[in-house]
Undergrad: 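The structure follows.
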2 protein chains.
Amino acid sequence: MARSPRPSDIGAFPRPSVAVDVAVVTVQPDGQLAVLVLRRTGDRAGQWALPGRFVRDRERLADSVAIALAEKCGLPAAALAGATPRQLHVFDDPARDDRGWVMSVAHLLGLPYERLSAHVAERADLALAPVRERRLQLPGRQRNLPYGQGAIVEYAVDELRRRYLEEPDPEGLLGADEFSLAELRDLHATVLDEPWQIDTFRRNMLPALTSTDTVRSGTPGRPAALYRRSR
Amino acid sequence: MARSPRPSDIGAFPRPSVAVDVAVVTVQPDGQLAVLVLRRTGDRAGQWALPGRFVRDRERLADSVAIALAEKCGLPAAALAGATPRQLHVFDDPARDDRGWVMSVAHLLGLPYERLSAHVAERADLALAPVRERRLQLPGRQRNLPYGQGAIVEYAVDELRRRYLEEPDPEGLLGADEFSLAELRDLHATVLDEPWQIDTFRRNMLPALTSTDTVRSGTPGRPAALYRRSR
DNA sequence: CGGCGTTATCGCGTCCGTGCGTTAACGTGA
DNA sequence: TCACGTTAACGCACGGACGCGATAACGCCG
């Protein structure tokens, strides 16, 4: 008769499947915060959901996120260059998936709109769902994300806003290395869902920005100075 | 020949062992922030480490934390009453454990000293390691925690401090439902590692406290008013 | 009962951040 | 070259927060 598994035996116990889910957040040209959703195949076919995937053998979570976005959404590695998924929360309800015991590690990933728009435009199974009050407005008649993914969106929006209160464009949503204060301010106003007075914004941000000593001209008016993030 | 695993087949891929680790944080009577460490048996026998355990079949992470503290440290359910472990980060380096592929979900749990002291006193394999600059001063000659657990301590201290900047005693470290402003202030000064001016502290905290309309007397001087947290 | 010690409260000067009106700077376009 | 529009910078009034000294309140103890 086999001995009972000892607690330190690593294979002694059933293991969960581990999945990653990712809220890919962007800002549309109209100034709307939005999250990438994918129309599912297989389980819950037809429903819009956040991209995700099961973790493969000895795979890092961040790598799983990148591969999920590549395989499911067609986003090449170049689209993710310089962007780091951030862990939000582990969802561990053993009943959360009909197919078996799954733990899902939810992530936040900020991407500039330019890296997403072509893919979203050319595929009917991708969409950008606007964020309203920490919830997504999904295309069609679907009200809620499956698998309790609404909670992931809330975690993601909260974390995004916390970070945007602390430093200029931490998720690199602007997409460009150099930007004007007005561009940065519009972005922060979008993410935080509240306006900034330009003097206050300038005072708060300048210590964390580096002047490029260049300007953006081409329109009437004084050219705007361009900045980079200091780190 | 068996077909290749389809991506949605839940059992199709190897799965990691999932472990929980927990930084149990408390404040000693001398006003020192400290974290519970346990002398290991089995793998890395003799070394001090944070408590933790592999997750059992269909077990919730928070339950695993509680069971780990009960089984490894002798902390009964009563010791954890009202305390909720908070997820900090998933450590997913496939090489982090010699025994195989392990993902560890690190947690923070605040406990009042009174719930720990008897257990620590009666067991030679438990200790409270003081926190200095987001690192632990381990007993004996051991400099570092194994398995990269030093990073867990840093996450835990950062999260603790962030929370103590936002509300009065969110982790319930005082242990009592009712407390004086001086007690609360001393606690916050310990956690945040910096003092508070009493007027400023009072102004900041009172909106989040409820007066009990009782006082603590028994020593010379004006009796201190007692408060509860408003939520 | 009064002195003492401790906590609570208060008045107030100072400092700092905000936001607004004004001025300056700088391209664009006629 | 000048008017215009936009951005940047500035001066400053105002309000809020801070911290300190002073005062009040309240048990304890002799």
Side-chain angles (χ1 to χ4, degrees), chain A residues 27 29-31 161-169 174-230, chain B residues 27 29-31 161-169 174-230:
Chain A
V27 172
D30 65 358
R161 286 175 173 164
R162 192 186 64 73
R163 280 170 62 73
Y164 274 75
L165 283 170
E166 292 185 355
E167 64 182 283
D169 193 20
L174 280 175
D177 287 337
E178 301 185 354
F179 44 83
S180 68
L181 261 187
E183 288 164 345
L184 185 65
R185 176 190 175 209
D186 289 346
L187 173 67
H188 276 244
T190 293
V191 169
L192 297 172
D193 204 21
E194 64 186 32
W196 280 89
Q197 202 275 348
I198 189 59
D199 279 350
T200 305
F201 187 77
R202 178 185 299 275
R203 284 195 196 103
N204 278 293
M205 289 295 153
L206 280 191
L209 298 175
T210 301
S211 176
T212 63
D213 291 318
T214 62
V215 299
R216 168 174 303 119
S217 46
T219 57
R222 180 173 173 171
L226 297 182
Y227 298 90
R228 293 171 169 276
R229 286 182 286 162
S230 293
Chain B
V27 171
D30 64 358
R161 287 175 172 163
R162 192 187 63 76
R163 295 194 78 218
Y164 275 75
L165 281 169
E166 291 185 356
E167 66 184 283
D169 193 19
L174 280 175
D177 286 338
E178 301 185 355
F179 45 83
S180 68
L181 259 189
E183 289 166 344
L184 186 65
R185 175 191 177 208
D186 288 346
L187 173 68
H188 276 243
T190 292
V191 170
L192 296 171
D193 204 20
E194 63 183 37
W196 278 90
Q197 201 275 349
I198 189 60
D199 280 350
T200 305
F201 187 76
R202 178 185 297 276
R203 285 193 193 104
N204 277 294
M205 290 295 156
L206 280 192
L209 298 176
T210 302
S211 174
T212 65
D213 290 319
T214 64
V215 299
R216 168 174 302 121
S217 48
T219 58
R222 180 172 171 171
L226 296 183
Y227 298 90
R228 293 173 171 276
R229 288 183 285 162
S230 292

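Computed from a predicted structure; not experimentally measured. Below, all heavy atoms of this structure are taken into account, side chains as well, without hydrogens, waters or symmetry copies.
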Undergrad: F179(B) vs D186(B), test: side-chain contact (heavy atoms from CB on, under 4.5 Å). Steps then yes/no.
TA: CA-CA 11 Å; F179(B) 45 83; D186(B) 288 346; over 6 Å; no

Undergrad: What are the two closest non-hydrogen atoms of L226(A) and T212(A), and how far apart are they?
TA: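 For L226(A) versus T212(A), the nearest heavy atoms are O-OG1, 2.8 Å.
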
Undergrad: For F179(A) and dT7(D), what is the distance between atoms CZ and P respectively, to the nearest whole Å?
TA: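 Roughly 16 Å, once rounded to whole Å.
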
Undergrad: Do H188(A) and L184(A) have side chains that get closer than 4.5 Å, going by heavy atoms?
TA: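 Yes, side chains in contact.
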
Undergrad: For residues P168(B) and R229(B), report the shortest heavy-atom separation together with the two atoms involved.
TA: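 Looks like O-CD, 2.9 Å.
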
Undergrad: Whole Å only: how far is the CZ atom of R185(B) from the C1' atom of dT6(C)?
TA: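 Going from R185(B) (CZ) to dT6(C) (C1'), I get 13 Å.
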
Undergrad: Send over the distance from R222(B) CZ to dT7(C) P, rounded to a whole Å.
TA: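 That distance rounds to 11 Å.
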
Undergrad: Can you work out whether T219(A) or A225(B) has the more 5'-proximal nearest nucleotide on DNA chain C?
TA: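 Its nucleotide being nearer the 5' end, the pick is A225(B).
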
Undergrad: Short of 4.0 Å, heavy atom to strand atom, which residues of residues 196-207 of chain B count as contacting DNA chain C?
TA: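 Hits under 4.0 Å, by residue number: D199(B), R202(B).
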
Undergrad: Any side-chain heavy-atom pair from R163(B) and V191(B) closer than 4.5 angstrom?
TA: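 A side-chain contact under 4.5 Å is absent here.
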
Undergrad: Pick base, sugar-phosphate or nothing for S180(B), based on heavy-atom distances below 4.0 Å to the nucleic acid.
TA: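 Counting heavy atoms under 4.0 Å across all strands, no contact is made by S180(B).
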
Undergrad: Between atom CG in D213(A) and atom P in dA8(D), what is the gap in whole Å?
TA: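 After rounding, the reported distance stands at 13 Å.
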
Undergrad: State, to 0.1 Å, how close V215(A) and A225(A) come at their nearest heavy-atom pair, and which atoms those are.
TA: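 Nearest pair, atom of V215(A) first, then A225(A): CG1-CA, 4.2 Å.
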
Undergrad: When all nucleic acid strands are considered with a 4.0 Å heavy-atom cut-off, which category describes A182(B): base, sugar-phosphate, or nothing?
TA: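 A182(B): no heavy atom of the nucleic acid under 4.0 Å.
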
